[in-house]
Amino acid sequence: DQLPYSIRVLLESVVRNCDGFQIKSEDIENVAQWKKTSQDGVEIRFKPARVVLQDFTGVPAVVDFAAMRDAVKALGGDPEKINPVCPVDLVIDHSVQVDFNRRFELMDFVRALYLLWVGQLYIICNICLPPLVGITKLTDGNQNYLAFGDFTLYQNYLAFDAAKKNLEKEFERNNERFLFLKWGARAFQNMLIVPPGSGIVHQVNLEYLSRVVFDENHWLFPDSLVGTDSHTTMINGLGVLGWGVGGIEAEAVMLGQAISMVLPKVVGYKLTGVINPLATSTDVVLTITKNLRQMGVVGKFVEFFGPGVASLSIADRATISNMCPEYGATVGFFPVDNQSLEYLTQTARDKQKIKRVEKYLKTVGLFRDYSNENQDPHFSEVAELDLGSIVPSLSGPKRPHDRVAVKAMKEDFTQCLTNKVGFKGFGIPADKLSSSVKFAYDGKEYTMSHGSVVIAAITSCTNTSNPTVMLGAGMLARNAVQAGLTVPSYVKTSLSPGSGVVTYYLKDSGVLSFLEQLGFNVVGFGCMTCIGNSGPLPEEVDKAISDGDLVACGVLSGNRNFEGRIHSSTRANYLASPMLVVAYALAGTVMIDFEKEPIGTGTDGKSVFLRDIWPTRLDIQETEKKCVLPNMFKEVYSKIQEGNDQWKSLNAPSSILYPWNPESTYVQSPPFFKDMTIDLQSFKKIEDAHALLFLGDSVTTDHISPAGSISRSCAAARYLVKRGLKPRNFNSYGSRRGNDAVMARGTFANIRLKNKLVGHEAPKTIHIPTGEELDVFDAAMRYKDEGTQLIVVAGKDYGSGSSRDWAAKGPWMLGVRAVLAESYERIHRSNLIGMGIVPLQFLEGENADTYKLDGKEKFTVNLPDHVEPGMTIDITTSCGKKINCKVRFDTDVELTYFKHGGILNYMIRNIV
């Protein structure tokens with residue numbers, strides 16, 4: 001009764017899956033004695049019930065499975081043994097981009113007719129027309145359209161549906177990928193594909209895929225999962241234990257392997273009080289993120305308890321669990337209670353199953369009453385938060401845990417402008433602080449300056465899964481429109497819900513039309529801006545930012561705002577609630593104090609303050625009760641596996657082995673198993689290795705393997721051009737993760753990469769023997785030709801951010817044999833091991849500076865023949881320095897994977 005509820009789920013799993021081989025009786029004993037063993041770093045094995053994937057990480061996973069089938073056949077085994085043994089759900093949600101973002105408006109049509117009448121618009125069949133001033137509401141970035149009858153004209157689009165056009169564009173770009181995934185759904189058992197245009201994986205998981213309790217072969221057991229996306233943790237808000245892992249580790253789970261993990265400490269986070277009427281769940285999670293980052297919870301479970309939890313809806317809890325990677329924990333767990341059962345009813349789950357869920361969880365001691373202190377378990381440590389103390393907040397400009405209260409935003413951003421370049425600084429000289437640029441757009445003159453908002457996106461499962469904040473944004477938009485306020489037309493506004501249910505209740509409540517009047521049209525159902533698929537800005541806007549060297553801003557309701565992620569032109573990006581996204585879009589700048597300055601001028605000529613149009617939490621909740629109904633969920637999810645006509649028309653192969661197309665630029669057989677043999681190969685020592693890169697702190701997986709657009713001047717672009725592609729068809733790195741040639745060239749290709757060898761911000765490095773500055777890929781290939789081994793030297797939190805297996809696969813393809821860092825993000829360290837790369841860590845209190853390294857040394861890693869988990873070794877340099885470091889193989893299983901050259905190699909040998 002004293003075990004944390006999250007640990008009870010682990011205990012049930014090891015008891016049920018104990019086979020004396022993968023999971024042994026000592027695993028049961030270790031989990032049962034958690035209070036003691038969690039202090040000793042004891043290793044256990046855990047088998048999740050299922051796996052979830054999104055397409056950016058799902059495509060490479062299916063590619064690996066297809067390549068593993070080829071490898072097993074080549075080694076004389078049965079390729080059909082490469083098959084998921086547990087349920088696998090893959091949601092295609094990361095491919096859609098905000099190419100089109102505004103619906104055609106009636107006044108645009110009237111103006112077009114007027115221009116026709118005065119002879120300024122010539123319609124002659126297919127003849128292109130000159131640009132027209134003033135009709136620019138419908139945009140696909142740099143070009144605008146008008147469809148008039150059977151004529152398609154250059155400058156505008158009538159009968160325009162942004163979501164439909166973006167979905168069409170998504171299929172146009174990703175046809176090969178989607179065809180491949182459809183093959184995977186046919187070729188592999190236990191694999192469900194949710195087609196494009198259905199929603200965001202974590203919201204679909206919450207509203208539809210989650211079982212809470214499995215009912216399988218007359219066995220009832222708790223739902224649990226791992227996913228190839230770090231925000232898989234969102235499902236913990238419903239009481240389902242789940243977290244993000246690398247794609248490589250997820251593939252092993254799909255093949256029946258148990259996860260090797262260190263039994264975690266559990267931080268109890270006590271919530272009291274109720275949320276301030278002016279605050280939202282977004283403000284709560286941004287506050288928790290900052291608090292727990294400061295506390296230090298990496299590698300730990302966080303479990304929420306206390307009377308304040310009962311006042312939070314499941315959507316509120318899911319928001320808090322979603323940003324678990326940002327505060328660093330493995331999970332942020334909310335045990336199941338009555339609110340959970342009510343949510344299952346609201347989302348149209350089967351009534352008999354809900355009764356079974358309740359009865360089972362109460363019987364086995366997994367059901368919570370948050371008001372009953374007697375049910376509070378023992379925790380490793382406890383933190384506390386009064387929900388009533390929460391104030392409206394944002395986080396940024398470059399990290400999710402840098403929270404700023406709205407009332408301090410203007411002052412904080414002003415300080416960021418002049419601070420030295422860093423996470424809270426842009427290094428703008430004093431004489432450039434007042435820089436501004438005038439430009440014309442949409443037939444109007446505008447002035448842009450530091451802090452101007454150019455992207456305002458209601459996006460991401462973090463918030464679009466929460467009806468309270470979504471309806472709040474709609475009600476704020478309604479009040480703003482009724483007051484006569486508008487959003488500057490150059491601001492790229494968008495609304496990308498996480499499921500079709502959102503549009504149902506926004507329409508039913510009558511607020512969707514007001515969001516559209518402010519430019520927040522539904523642009524698609526996927527991650528979009530949050531993952532970096534924000535699409536291009538208008539040329540006039542890009543030029544103004546560039547001409548003035550301005551720190552332009554994006555404001556989004558997402559969970560990530562790392563440098564270079566949202567858009568290359570927005571150096572500052574702030575995470576905020578959907579309501580604040582609307583507010584800052586109306587203001588057009590972050591340089592505003594909402595308490596003292598008006599957000600705009602109303603139709604009556606009077607100043608309008610944000611407080612005048614801000615809806616109350618009570619009004620929002622009353623609207624939610626009326627408009628968020630079970631039949632909406634039933635209607636949407638009854639058709640979710642069908643897909644649109646384009647999906648249905650894809651004619652995928654039906655073969656067991658995938659017929660690779662050597663001409664494809666999207667899907668290629670990877671080289672990971674090319675020279676593999678049945679027998680283990682001896683480890684080649686790392687001697688006289690050069691540092692490919694010499695990096696600082698908080699290098700994210702976005703820096704290592706970007707997901708966004710492919711620059712026209714990079715190595716990947718040169719490869720694609722040679723294959724006959726034009727820049728408009730490059731698509732994104734994320735969409736090309738099935739092609740190793742593109743991804744190798746995209747490794748460390750983030751434009752915001754800070755490599756100390758280069759000394760300036762660029763995706764470049766120095767070829768040390770010659771001193772020549774090169775693209776990272778080109779330098780790596782030169783080292784390869786010279787027979788030189790490579791390592792990477794880094795600071796704290798190396799590999800933070802998304803659970804991106806290509807952030808390990810890419811360095812492997814560049815020839816990186818080891819990484820030496822101050823500390824690692826959990827998933828990325830696992831991925832490095834999964835690819836056979838040695839993770840080395842400076843000893844506590846030591847780093848590259850304490851050893852006076854400049855990155856130009858040669859490094860020899862003195863790894864002994866017999867390696868043990870966590871052992872200390874030394875690295876010698878060409879300068880005679882001896883660096884003591886820890887080998888971050890934390891478990892015997894990780895060490896086994898490494899000896900095989902990676903986890904997938906290990907699986908292939910086992911199967912053969």
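Predicted, not measured: the structure shown is a model, and the values here were computed from it.
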Exercise for the section: List the steps and the verdict of side chain to side chain contact (heavy atoms under 4.5 Å, CB included) for Arg317 and Tyr343. Expected result: CA-CA 12 Å; Arg317 299 177 194 179; Tyr343 180 81; over 6 Å; no
Exercise for the section: Describe, in one word, how the ring planes of Tyr658 and Phe180 are oriented to each other, choosing from parallel (under 30°), tilted (30 to 60°) and perpendicular (over 60°). Expected result: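 If you compare the ring of Tyr658 with that of Phe180, the planes turn out perpendicular.
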Exercise for the section: Quick one: sort the Phe889 and Phe898 rings into parallel, tilted or perpendicular, breaks at 30° and 60°. Expected result: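 Answer is tilted, since the angle falls between 30° and 60°.
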Practice task
Would you mind telling me which of Phe379, Tyr370, Tyr5, Phe334 makes a ring-ring contact (aromatic ring centres under 6.0 Å, His included) with Phe305?
Solution key: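 Looking at Phe379, Tyr370, Tyr5, Phe334, the match for Phe305 under the ring-ring contact (aromatic ring centres under 6.0 Å, His included) is Phe379.
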Would you find more than 12 non-hydrogen atoms of other residues, nucleotides or ligands less than 6.0 Å from [X] atom [atom1]?
| X | atom1 | answer |
| --- | --- | --- |
| Lys353 | NZ | no |
| Lys81 | NZ | no |
| Asn372 | CG | yes |
| Gln39 | CD | yes |

Practice task
Tell me, with the steps shown, if Arg45 and Thr891 meet side chain to side chain donor-acceptor pair (under 3.5 Å).
Solution key: CA-CA 10 Å; Arg45 305 273 281 165; Thr891 67; over 6 Å; no
Please report the interatomic distance [atom1]([X]) to [atom2]([Y]), rounded to the nearest 0.5 Å.
| X | Y | atom1 | atom2 | value |
| --- | --- | --- | --- | --- |
| Gln346 | Phe633 | CD | CZ | 5.0 Å |
| Ser95 | Asp93 | OG | CG | 8.0 Å |
| Ser260 | Asp890 | OG | CG | 9.0 Å |
| Ile314 | Thr319 | CD1 | OG1 | 11.0 Å |
| Glu342 | Asp337 | CD | CG | 8.5 Å |
| Ile248 | Asp805 | CD1 | CG | 5.0 Å |

Practice task
Using a strict 4.0 Å threshold on nitrogen-to-oxygen distance, state whether Lys47 and Asp19 make a salt bridge.
Solution key: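 Judged by the 4.0 Å cut-off on N to carboxylate O distance, Lys47 and Asp19 do not form a salt bridge.
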Is the side chain of [X] donor-acceptor paired with the backbone N or O of [Y] at a distance under 3.5 Å, no angle test?
| X | Y | result |
| --- | --- | --- |
| Ser321 | Gly332 | yes |
| Glu825 | His828 | yes |
| Lys35 | His378 | no |
| Asn466 | Thr468 | yes |
| Asp40 | Val42 | no |
| Asn644 | Trp647 | yes |
| Ser830 | Arg826 | no |
| Ser38 | Pro264 | no |
| Arg8 | Gly365 | yes |
| Thr57 | Thr228 | yes |

Problem - Pair Ile193-Ile92, side chain to side chain contact (heavy atoms under 4.5 Å, CB included): steps then yes or no - result: CA-CA 8 Å; Ile193 304 286; Ile92 302 175; 3.9 Å; yes
Below 4.5 Å, heavy atoms only, C-beta onward: do [X] and [Y] meet side chain to side chain?
| X | Y | result |
| --- | --- | --- |
| Leu292 | Tyr269 | yes |
| Trp806 | Asn831 | no |
| Thr232 | Val226 | no |
| Phe46 | Val31 | no |
| Cys461 | Asn322 | yes |
| Val502 | Gln203 | yes |
| Gln646 | Pro195 | no |
| Val91 | Ile200 | no |

Practice task
Test Leu225 against Asn205 for side chain to side chain contact (heavy atoms under 4.5 Å, CB included), laying out the working first.
Solution key: CA-CA 11 Å; Leu225 67 146; Asn205 192 23; 3.7 Å; yes
I need the minimum non-hydrogen distance between [X] and [Y], along with the two atoms involved.
| X | Y | result |
| --- | --- | --- |
| Pro325 | Thr233 | CD-OG1, 3.6 Å |
| Pro377 | Arg368 | CD-NH1, 4.2 Å |
| Thr347 | Glu207 | CB-O, 3.9 Å |
| Leu238 | Val212 | CD2-CG2, 3.9 Å |
| Pro497 | Thr503 | CG-CG2, 4.2 Å |
| Leu75 | Val912 | O-CG1, 3.7 Å |

Problem - Given Trp34, Phe301, Phe333, the one that forms side chain to side chain contact (heavy atoms under 4.5 Å, CB included) with Pro4 - result: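 Among Trp34, Phe301, Phe333, the one meeting side chain to side chain contact (heavy atoms under 4.5 Å, CB included) with Pro4 is Trp34.
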Problem - side chain to side chain donor-acceptor pair (under 3.5 Å) partner of His231, chosen from Glu326, His202, Gln54 - result: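 In the set Glu326, His202, Gln54, the residue that makes a side chain to side chain donor-acceptor pair (under 3.5 Å) with His231 is Glu326.
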Practice task
Using distance alone, with no hydrogens and no angle criterion, decide if Arg69 and Asn83 have a side-chain donor and acceptor under 3.5 Å apart.
Solution key: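 On atom types as modelled, these side chains qualify, holding a pair under 3.5 Å.
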Practice task
Say whether Thr37 and Asn30, considering side chains only, have a donor N or O and an acceptor N or O under 3.5 Å apart.
Solution key: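 Judged by distance alone, the side chains do not pair up.
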Practice task
Give the C-alpha distance, both sets of side-chain angles, the deciding distance and a yes or no for salt bridge (Lys or Arg N to Asp or Glu O under 4.0 Å) between Lys359 and Asp215.
Solution key: CA-CA 13 Å; Lys359 186 174 182 180; Asp215 185 349; over 6 Å; no
Practice task
Verify side chain to side chain contact (heavy atoms under 4.5 Å, CB included) between Arg349 and Ser210, making sure each step is shown before the conclusion.
Solution key: CA-CA 10 Å; Arg349 265 50 174 240; Ser210 58; 2.8 Å; yes
